Protein chains: 2
Amino acid sequence: MRIGELAKRAGTSTRTLRYYESRGLLPARRSVNGYRVYGDDDLRLVEQIRTLQDFGFGLEETRPFVECLRAGHPSGDSCPASLEVYRDKLAELDALLDRLREVRAQVSARLAQAEAQAPPEPEPRCQLRG
Amino acid sequence: MRIGELAKRAGTSTRTLRYYESRGLLPARRSVNGYRVYGDDDLRLVEQIRTLQDFGFGLEETRPFVECLRAGHPSGDSCPASLEVYRDKLAELDALLDRLREVRAQVSARLAQAEAQAPPEPEPRCQLRG
DNA sequence: CTAGACCTTGACGCTGACGTCAACGCAACG
DNA sequence: CGTTGCGTTGACGTCAGCGTCAAGGTCTAG
């Protein structure tokens, strides 16, 4: 399979795949004319990357998963390094969630305060006369 | 007060203040020699911006607050436009929190699954013999 | 033979909020 | 008079993950 087909099958762009290759994820064999050639393994590999990216992982953080897959393991998280990334990301998510909850509370409080100061427009009633 | 002092008092950099000016927040009078000159109002203005930025507001989102302050209101959120931004940001925060909670659950589940597959190192016991 | 669809590399653009450097002016101190 | 420390504008660099364009090579169908 060539890069266009892989991109289509993975639901991404050729530019993205070439970018992954430039980062050392997703190496590709070349056919005689220089075209990149991929196998079905590579599709699974790209899907792994995309899934993690959707979770908010940076590309570098997907590397252990990718290398795990390329090492022949059935899934990208079958290796200790991947589990470490999971755990780090969980801690990061927890910290972020805490921060965002705190911010939400602050913003909410300030909104309430400001609304109390100068009350909102009193809900137009749509009466004919009044 | 000149830009260096304002920066120090606001806990930021001169570059940041010039950037705010370039974005139309924080206009400055000029002294004879071309130096920017600020008053205490401007300090409050910068503090307002920084507070909102710490909450994750983009610079553009701070504009209503800044204009509200410059219009003479006692606080930046005394104006309807600011309240609108608060409300939008709350909705945005709620959506983001939902997404992050979902991601957290997914990552947590995958971690548990992978740990069950290939259990972690069995907690070294520090025995002399065993 | 040629049009069109695919592929190649290389390079610049984008977003946000600045950091950092260059090259210069101005002011005060000794 | 020179140095030091402020100020000025302008312009390029940073981070991530690509998008987009340019200029060209390759392969296939008509």
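The figures that follow rest on heavy atoms only: side chains count, while hydrogens, waters and symmetry mates do not. Just so we're clear, the structure is a prediction, and the values are computed from it rather than from any experiment. In the text below, chain A, chain B and the rest are named by the order of the sequence lines, each starting its count at 1.
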- Within the modelled atom types, does a donor on one side and an acceptor on the other bring the side chain of B:Arg15 and the base of C:dG19 under 3.5 Å apart?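 Indeed, a donor on one side and an acceptor on the other fall under 3.5 Å apart.
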
- Query: What about B:Tyr35, does its side chain sit under 3.5 Å from the base of C:dG25 through a donor-acceptor pair?
  - Reply: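 Yes, a donor-acceptor pair under 3.5 Å.
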
Does the side chain of [X] get closer than 4.0 angstrom to OP1 or OP2 of [N] through an N or O atom?
{"X": "A:Arg36", "N": "C:dC7", "result": "no"}
{"X": "B:Thr16", "N": "C:dA17", "result": "no"}
{"X": "A:Gln53", "N": "D:dC18", "result": "yes"}
{"X": "A:Arg18", "N": "C:dT8", "result": "yes"}
{"X": "B:Ser13", "N": "C:dG19", "result": "yes"}
{"X": "A:Asn33", "N": "C:dT8", "result": "no"}
{"X": "B:Arg50", "N": "C:dC18", "result": "yes"}
{"X": "B:Tyr20", "N": "C:dC18", "result": "yes"}

From [atom1] of [X] over to [atom2] of [N], roughly how many Å is that when rounded to an integer?
{"X": "A:Glu5", "N": "C:dC7", "atom1": "CD", "atom2": "C1'", "answer": "14 Å"}
{"X": "B:Tyr19", "N": "C:dT20", "atom1": "OH", "atom2": "P", "answer": "16 Å"}
{"X": "B:Ile3", "N": "C:dA27", "atom1": "CD1", "atom2": "P", "answer": "17 Å"}
{"X": "A:Lys8", "N": "C:dC6", "atom1": "NZ", "atom2": "C1'", "answer": "11 Å"}
{"X": "B:Asp54", "N": "C:dA17", "atom1": "CG", "atom2": "C1'", "answer": "13 Å"}
{"X": "A:Glu21", "N": "C:dC7", "atom1": "CD", "atom2": "P", "answer": "13 Å"}
{"X": "B:Leu17", "N": "C:dA17", "atom1": "CG", "atom2": "P", "answer": "15 Å"}
{"X": "A:Arg23", "N": "D:dC15", "atom1": "CZ", "atom2": "P", "answer": "11 Å"}

- Item | Closest heavy-atom pair and its distance - A:Glu60, A:Pro64 |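 Closest heavy-atom pair between A:Glu60 and A:Pro64: O-CD, 3.8 Å.
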
- Charged N-O contact under 4.0 Å between A:Arg18 and A:Glu21: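 A:Glu21 and A:Arg18: not salt-bridged.
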
- Is A:Glu84 salt-bridged to A:Lys89, going by a charged N under 4.0 Å from an acidic O?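 Here A:Glu84 does not pair with A:Lys89 in a salt bridge, since their nearest N and O are not under 4.0 Å apart.
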
- Between B:Tyr86 and B:Phe55, is the ring centre distance below 6.0 Å? no

- Please collect all disulfide bond (SG atoms under 2.5 Å apart) contacts where either partner lies in residues 8-71 of chain B, sequence neighbours excluded, each pair once.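 Pairs touching residues 8-71 of chain B that pass the test: B:Cys68-B:Cys79.
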
